[in-house]
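All ligand and atom numbering here is 1-based and tracks the order in the structure. Note that the coordinates shown come from a computational prediction; the quantities given were computed from them, not determined experimentally. The first residue in the sequence is number 1, and the count goes up from there.
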Amino acid sequence: MKKMRSLLLITTSLDQRTTSKKWIGHPRFELIRQDVTEPLTIEVDQIYHLACPASPIFYKYNPVKTIKTNVIGTLNMLGLAKRVGARILLTSTSEVYGDPLVHPQPESYWGNVNPIGVRSCYDEGKRVTETLMFDYHRQHGIEIRVARIFNTYGPRMNIDDGRVVSNFIAQAIRGEPLTVQSPGTQTRSFCYVSDLVDGLIRLMEGSDTGPINLGNPGEFTMLELAETVKELINPDVEIKVVENTPDDPRQRKPIITKAMELLGWEPKVKLRDGLPLMEEDFRLRLGFDKKN
Ligand SMILES: O=c1ccn([C@@H]2O[C@H](COP(=O)(O)OP(=O)(O)O[C@H]3OC[C@@H](O)[C@H](O)[C@H]3O)[C@@H](O)[C@H]2O)c(=O)[nH]1
């Protein structure tokens, strides 16, 4: 008989509203409300440590809390892993590469990060969480896994998340202008949520510590993304170039050779296929029927 395992999935409170709702009441699911900056006592075999706001508008809203979540939260989760002998997976980020001078980005690239900028609470915060993971591994023998996630999108994302894909989809459905932050030539690689989840599980179950890039190597400018959303969702909307925020990375695209070779993973869902799936879910939640 397969041994039953207990998993601890740590996410942010914002995510709980939408992403965990469908599991509440399931006999094998328990929701614990807990501030990750406070110690947690529980018996588990695996810890998926995802806690931290991931959208730039949210992590910049309370930068001190963001860095506390990264530093103190990760120390607490590593302390828990050490105490109960659990394997721990950290969702780090492509933001550890900052505004990259190497393109596309391999895991061996050390990054180009502003240590005192408005994004530092998140990108430097995640860099220090990686350091903590590897120090606990070397010093205490903790089993660690580190994923570097690139921009991810999909159904059940908060409508007001603030990241570009959810903004454009909600704007297109409502018939509002798509707000491309200038210059619009900056690039991102967008990974559909089910591909990412598959990658995280493979990483947790595999034998490599990482860090491993998990992202879709398809690279798009924000203007190209806006054009695609307009074409697929609402050809009548306007595309409007608006002001950007400081330190916005100019380019991002993962090299995923490590994930392919070590995890047998590569993304399956193309942007053009993933956007309509997210549109369907957003239409339901926004109360807008599909136009015929
Ligand atoms: O309405 C918008 C929002 C954002 N953008 C642009 O879209 C690009 C992507 O911005 P997002 O807010 O989606 O997030 P970023 O890709 O910058 O950061 C993300 O990257 C990796 C993850 O780990 C994190 O989830 C998050 O930090 C940026 O260039 C931004 O200027 C728009 O053009 N319009």
Side-chain angles (χ1 to χ4, degrees), residues 11-12 14-15 19 49-61 63 66-67 69-70 90-100 105 111 113-114 117-127 129-130 146-154 157-174 176-193 196 199-200 211-216 218-230 237-254 271 274-275 278:
T11 75
T12 65
L14 272 169
D15 295 333
T19 49
H49 174 29
L50 280 69
C52 188
S55 166
I57 55 163
F58 284 109
Y59 68 64
K60 288 191 272 191
Y61 174 71
T66 300
I67 196 128
T69 301
N70 277 319
L90 168 78
T91 50
S92 181
T93 169
S94 56
E95 294 225 14
V96 299
Y97 302 125
D99 188 13
Q105 294 80 51
V113 176
N114 175 0
V118 292
R119 294 179 91 100
S120 311
C121 58
Y122 187 73
D123 51 29
E124 290 288 27
K126 286 289 187 181
R127 285 165 71 93
T129 59
E130 289 198 12
V146 177
R148 289 186 181 152
I149 300 181
F150 287 64
N151 203 309
T152 303
Y153 70 99
M157 198 165 173
N158 283 319
I159 286 164
D160 59 358
D161 174 274
R163 268 173 285 181
V164 67
V165 179
S166 46
N167 276 5
F168 285 0
I169 291 187
Q171 288 163 342
I173 292 173
R174 290 173 170 138
E176 295 167 358
L178 309 186
T179 53
V180 173
Q181 294 175 350
S182 68
T185 48
Q186 68 273 35
T187 66
R188 291 294 187 274
S189 301
F190 300 105
C191 188
Y192 190 69
V193 62
L196 178 75
L200 291 177
I212 291 196
N213 286 340
L214 292 179
N216 191 320
E219 185 184 13
F220 299 87
T221 69
M222 294 312 102
L223 279 166
E224 283 168 347
L225 176 68
E227 292 291 353
T228 309
V229 169
K230 179 178 162 122
V237 289
E238 181 198 339
I239 294 177
K240 192 167 135 194
V241 178
V242 299
E243 207 181 320
N244 206 338
T245 52
D247 294 345
D248 184 46
R250 280 163 293 178
Q251 50 186 4
R252 257 197 221 145
K253 170 184 162 87
L271 186 63
L275 290 174
M278 188 157 164

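Summarising the geometry of Val146 relative to Ser92, their closest heavy-atom pair is CG1-CB, 4.0 Å, with the distance given to 0.1 Å. Summarising the geometry of Thr187 relative to Gln251, their closest heavy-atom pair is OG1-CA, 3.2 Å, with the distance given to 0.1 Å.
Ligand 1 is surrounded by Ala54, Pro56, Tyr59, Thr93, Ser94, Glu95, Arg119, Tyr122, Ile149, Asn151, Gly162, Arg163, Val164, Asn167, Phe168, Thr179, Val180, Gln181, Gln186, Arg188, Met222, Asn244, Asp248, Arg252, each with at least one heavy atom closer than 4.0 Å.
Annotation: the span from Tyr192 atom OH to Leu271 atom CG amounts to 11.5 Å, rounded to 0.5 Å.
Residue Glu95 is tested with Arg119, Arg188, Lys126 for a salt bridge (Lys or Arg N to Asp or Glu O under 4.0 Å); the sole match is Arg119.
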Exercise for the section: Run the numbers on Gln171 and Thr179 for side-chain hydrogen bond (donor to acceptor under 3.5 Å, both in side chains), then give the verdict. Expected result: CA-CA 8 Å; Gln171 288 163 342; Thr179 53; 2.9 Å; yes
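Partners of Lys253 by side-chain hydrogen bond (donor to acceptor under 3.5 Å, both in side chains), not counting sequence neighbours: none found.
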